[in-house]
> 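First the structure, then my questions, so here it is.
Each chain gets a letter, A, B and so on, in the order its sequence line appears, and its residues count up from 1.
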2 protein chains.
Amino acid sequence: MTVLEERSDERQPACSIQATLDIVGDRWTLLILRDLFRGVRRFSRMQHDLGIARNMLADRLSRLTDAGVVAKVPYQHRPVRYDYVLTPKGLDLSNSLLALMAWGDRWCHDGDAPTVLVHADCGTPLEIATRCPACDETVSPTRIRSLAGHDDTSPGRELAAAGAARAFQQHPTNGGAL
Amino acid sequence: MTVLEERSDERQPACSIQATLDIVGDRWTLLILRDLFRGVRRFSRMQHDLGIARNMLADRLSRLTDAGVVAKVPYQHRPVRYDYVLTPKGLDLSNSLLALMAWGDRWCHDGDAPTVLVHADCGTPLEIATRCPACDETVSPTRIRSLAGHDDTSPGRELAAAGAARAFQQHPTNGGAL
DNA sequence: CCGAGTCAGTTGCAAACCGAAACTGACTCC
DNA sequence: GGAGTCAGTTTCGGTTTGCAACTGACTCGG
């Protein structure tokens, strides 16, 4: 039992972030998914791109396949050789990858992104955002509240965002990136 | 040198996803950030919430502090005890966390989210989306193209999304989540 | 002022994880 | 038919992880 699956003991039984990390919460797994999104489909190509050990790659791909995130489609028989392609479940991770990438662009590369993602229809650089469908506007972290889904008791808790922002203001000496 | 920092050998020197993962690409780190977003600020509370070993927690918090994602603000002297709060850099990770959470809601809990995030101003459940600011619309993964930022040669590559979707259609027998 | 309790963080050690290299089949190409 | 490629699997030693116990430095009640 590896660290990737051991969380079945469920300390936070119903946390979706934990559930997601149980599947993709591993540096190699996320980098493999990045490669898949970029169109890399072959074992050897990924191995070369990532510099990952082959046993690790084989292990991660089979986990992803078991999880239904990736599917193996044979491109050759005897010996069977597979392309690894994203399933709909895997494609749906694009927002997550994009959000991580956007953060890296902003904070690790001073905003000048190594690769820019643009809208295929008009060429405009894309952005990722939390939105309120009713107000039809982008919502800042300070305007987010969490609501218990079922078995919790606190309705409408303030997320840390606002509080943290306040607390942080009071100590402007800390934090490198201010 | 841990797995968290060893990537300075830079196989993909300018990949923002890799850069991001160098900082937060670790299951504990992301769960710690989740707690911070929820308003947990004390060492002992996090330790109890997460079930993480204290040395791990101390290590991760000091990494996050070094990275400027978290700041320590003392709430007591002799002995100095700290609140851990998100810096602006840390707050900016909310989109990433939300995207991971949304994915877990959809694919690990059949869509019935354990916790729902709503707009503080109107109570509407939020969504996270990739958007084109010019077209003012949500962009699906298949309509995304990648553009090299500077030192690459391939302008306007098709991301895997479209191709993978096609390839996957041709083999509808694979993949658990169809 | 004393002893119990709490809290943040460190140290020791066994277990789990990781990656390099070697190995295995089963081709493909000349 | 021999060399080369490809997708893994196995082996093995070093690194990392995490539990448990320990260390300071308080706080609190009396």
> Sub-3.5 Å donor-acceptor pair from the side chain of B:Gln47 to the main-chain atoms of B:Ala53, do we have one?
no

> Give a yes/no answer on whether the side chain of A:Tyr75 brings an N or O atom under 4.0 Å of OP1 or OP2 in D:dA7.
yes

> Are A:Thr87 and A:Asp92 close enough that some pair of their side-chain heavy atoms sits under 4.5 Å apart?
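No, every pair of side-chain atoms sits at 4.5 Å or beyond.
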
> Could you give the CG-to-C1' distance, from B:Leu61 to C:dC7, as a whole number of Å?
14 Å

> Check the distance between D:dG8's P and A:Tyr82's OH and give it to me in whole angstrom.
8 Å

> For A:Asp59 and C:dG19, what is the distance between atoms CG and C1' respectively, to the nearest whole Å?
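Taking CG of A:Asp59 and C1' of C:dG19, I get 13 Å after rounding.
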
> Mind checking whether A:Asp26 and A:Arg60 have side chains closer than 4.5 Å, heavy atoms only?
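Yes; the side chains approach each other to less than 4.5 Å.
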
> I need the NE2-P distance between B:His48 and C:dC7, as an integer number of Å.
11 Å

> For a quick test of reading the model: is some side-chain N or O of B:Tyr84 closer than 4.0 Å to OP1 or OP2 of C:dG9?
yes

> Indicate the atoms forming the closest heavy-atom contact of B:Cys135 with A:His119, along with that distance.
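So the two residues come closest at SG-ND1, 3.4 Å.
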
> Rounded to the Å, how far apart are A:Lys72 NZ and D:dC6 C1'?
14 Å

> Nearest whole Å is fine: how far is D:dT17 C1' from A:Arg27 CZ?
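For the pair A:Arg27 CZ and D:dT17 C1', the rounded distance is 16 Å.
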
> Kindly say if B:Trp28 contacts the phosphate of D:dT17, meaning a side-chain N or O under 4.0 Å from OP1 or OP2.
no

> Say whether, by atom type as modelled, one donor and one acceptor occur between the side chain of A:Thr138 and the main chain of A:Ala129 under 3.5 angstrom.
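Checked: no pair found.
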
> Taking the six-membered ring of A:Tyr75 (Phe, Tyr or Trp), confirm whether the NZ or CZ of A:Arg41 is under 6.0 Å from its centre and within 45° of its axis.
no

> With B:Ala58, which residues qualify under side-chain contact (heavy atoms from CB on, under 4.5 Å), at least two apart?
B:Phe43

> Can A:Arg42 and A:Asp83 be counted as an ion pair, charged N to O under 4.0 angstrom?
yes

> For A:Thr20 and B:Trp103, indicate whether the former's side chain and the latter's backbone hold a donor-acceptor pair under 3.5 Å.
no

> Examine D:dA7: is either OP1 or OP2 under 4.0 Å from a nitrogen or oxygen in the side chain of A:Ser44? Give yes or no.
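For A:Ser44, the contact criterion (side-chain N or O under 4.0 Å from OP1 or OP2 of D:dA7) is met.
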
> Let me have a per-nucleotide readout for nucleotides 24-30 of chain C, 5' to 3', with B, S or -, counting only protein heavy atoms under 4.0 Å.
-BSS---

> Grab the N/O contacts between the protein and nucleotides 20-23 of chain C below 3.5 Å, and write none if there aren't any.
from   : atom 1 : to      : atom 2 : distance (Å)
C:dA20 : N6     : A:Asn55 : ND2    : 2.9
C:dA22 : N6     : A:Arg54 : NH2    : 3.1

> If I take atom CG in residue B:Leu57 and atom P in nucleotide D:dT17, what distance separates them, rounded to the nearest angstrom?
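Rounded to the whole Å, the gap is 14 Å.
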
> OP1 or OP2 of D:dT17 sitting under 4.0 Å from any side-chain N/O of B:Arg60?
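Answer is yes, contact under 4.0 Å.
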
> Side chain of B:Met56 only, heavy atoms from C-beta on: which candidate in C:dG9, D:dG8, D:dG18 is closest?
D:dG18

> Quickly work out the B:Arg41 CZ to C:dA8 P distance and round it to whole Å.
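Taking atom P of C:dA8 as the reference, CZ of B:Arg41 is at 14 Å.
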
